[in-house]
Amino acid sequence: DSFGYVRNIKFSRPEEVGIYIQLRLQTNERFPSDGEEKIKQALIDYINSLNMGEDVIYSRLYTPINSVPGHQVNELLIGTSPAVLHAGNIEINYDQSAKTATNRITFLV
């Protein structure tokens, strides 16, 4: 430091928590041909912008989903594993960060 003392500085990177999303939509004529991709991108943008330690709040996922017109959500499930999905919040620890990607979001027919 400015007084000549040696100081150890430590840091750690957050652990990434993969968020998996499964959607079942009912669409109408207003749903764009690339609507699924637009919804995926809106969800990715939202989840990946959450701060470290910020929980994934289930009900807040409807806002990015509903940014694309021409559909209704018939089922929305989320989880940290594709095998274990539910309709509820996901708690994120203070040293973790929620992240998702295109391959973690699926649409059911």
Side-chain angles (χ1 to χ4, degrees):
D1 65 15
S2 62
F3 297 104
Y5 294 103
V6 176
R7 308 244 185 229
N8 290 328
I9 299 174
K10 299 178 182 181
F11 75 96
S12 60
R13 298 191 189 284
E15 173 191 353
E16 183 178 301
V17 177
I19 304 299
Y20 293 84
I21 302 169
Q22 182 176 287
L23 285 155
R24 187 182 312 271
L25 302 179
Q26 181 177 335
T27 62
N28 61 38
E29 67 282 346
R30 293 183 50 226
F31 192 69
S33 59
D34 62 345
E36 288 185 7
E37 283 69 36
K38 287 182 176 182
I39 289 173
K40 282 184 181 185
Q41 191 58 55
L43 286 166
I44 291 167
D45 291 345
Y46 172 71
I47 290 176
N48 292 354
S49 73
L50 294 174
N51 293 319
M52 187 170 78
E54 190 172 355
D55 294 340
V56 178
I57 306 299
Y58 177 81
S59 62
R60 292 186 187 155
L61 298 178
Y62 283 95
T63 300
I65 294 168
N66 288 328
S67 69
V68 178
H71 72 276
Q72 72 179 35
V73 178
N74 289 341
E75 182 178 48
L76 171 61
L77 301 174
I78 62 175
T80 57
S81 161
V84 182
L85 301 171
H86 66 285
N89 299 338
I90 298 174
E91 291 185 17
I92 303 296
N93 291 333
Y94 75 95
D95 60 347
Q96 296 177 323
S97 183
K99 298 294 178 198
T100 195
T102 303
N103 62 341
R104 294 180 182 160
I105 303 170
T106 57
F107 288 84
L108 300 176
V109 187

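For reference, positions follow the sequence shown, starting with 1.
N89 places a side-chain N or O within 3.5 Å of a backbone atom of Y58 that can act as its donor or acceptor partner. Looking only at distances, no side-chain donor or acceptor of H86 sits under 3.5 Å from a matching main-chain atom of L77. Checking side-chain atoms of T100 against main-chain N and O of I19 turns up a donor-acceptor pair under 3.5 Å. At least one donor-acceptor pair closer than 3.5 Å links the side chain of R104 to the backbone N or O of K99. Put simply, the side chain of D95 never gets that close to the backbone of P14: no donor and acceptor are under 3.5 Å apart.
Interatomic distance, R24 CZ to T106 OG1, rounded to the nearest 0.5 Å: 10.0 Å. With rounding to the nearest 0.5 angstrom, the CG atom of N93 is 11.0 Å from the CE atom of M52. Residue E37 holds its CD atom at 7.5 Å from CZ of F107, rounded to the nearest 0.5 Å. Remark: S67 OG to K38 NZ distance equals 9.0 Å, nearest 0.5 Å.
Two residues are said to be in side-chain contact when any heavy atoms from C-beta on lie closer than 4.5 Å; I47 and I21 meet this criterion. Residues Y46 and T63 fail the side-chain proximity criterion, which asks for heavy atoms closer than 4.5 Å. Side chains of L43 and L23 form a contact here, defined as non-hydrogen atoms less than 4.5 Å apart. Contact check for V68 versus P32: side-chain heavy atoms found under the 4.5 Å cut-off. The side-chain heavy atoms of I44 and I105, taken from C-beta on, include a pair separated by under 4.5 Å.
Using a 4.5 Å cut-off between side-chain heavy atoms of Ile, Leu, Val, Met, Phe, Trp and Tyr, with links allowed through other members, I39 and I57 fall into different hydrophobic clusters. Both V73 and L61 belong to a common hydrophobic cluster when Ile, Leu, Val, Met, Phe, Trp and Tyr are linked at side-chain heavy-atom distances under 4.5 angstrom. Linking Ile, Leu, Val, Met, Phe, Trp and Tyr residues whenever their side-chain heavy atoms come within less than 4.5 Å places V56 and L76 in a single cluster. Both I92 and L50 are members of a single hydrophobic cluster when ILVMFWY side chains are connected at heavy-atom separations under 4.5 Å.
Between S81 and Y20, the shortest heavy-atom distance links the atoms N-CD1, 3.6 Å. When every heavy atom of E91 is checked against every heavy atom of D55, the shortest pair comes out as CA-OD1, 3.3 Å.
Defined by atom type and a distance below 3.5 Å, a donor-acceptor pair is present between the side-chain atoms of Q72 and N74.
Within 6.0 Å of CG in N8 there are 12 or fewer heavy atoms belonging to other residues, nucleotides or ligands.
V109 belongs to no hydrophobic cluster, as no Ile, Leu, Val, Met, Phe, Trp or Tyr side chain comes under 4.5 Å of its own.
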- Message: Test side-chain contact (heavy atoms from CB on, under 4.5 Å) on H71 and N66; report intermediate values, then the result.
- Response: CA-CA 8 Å; H71 72 276; N66 288 328; 3.5 Å; yes
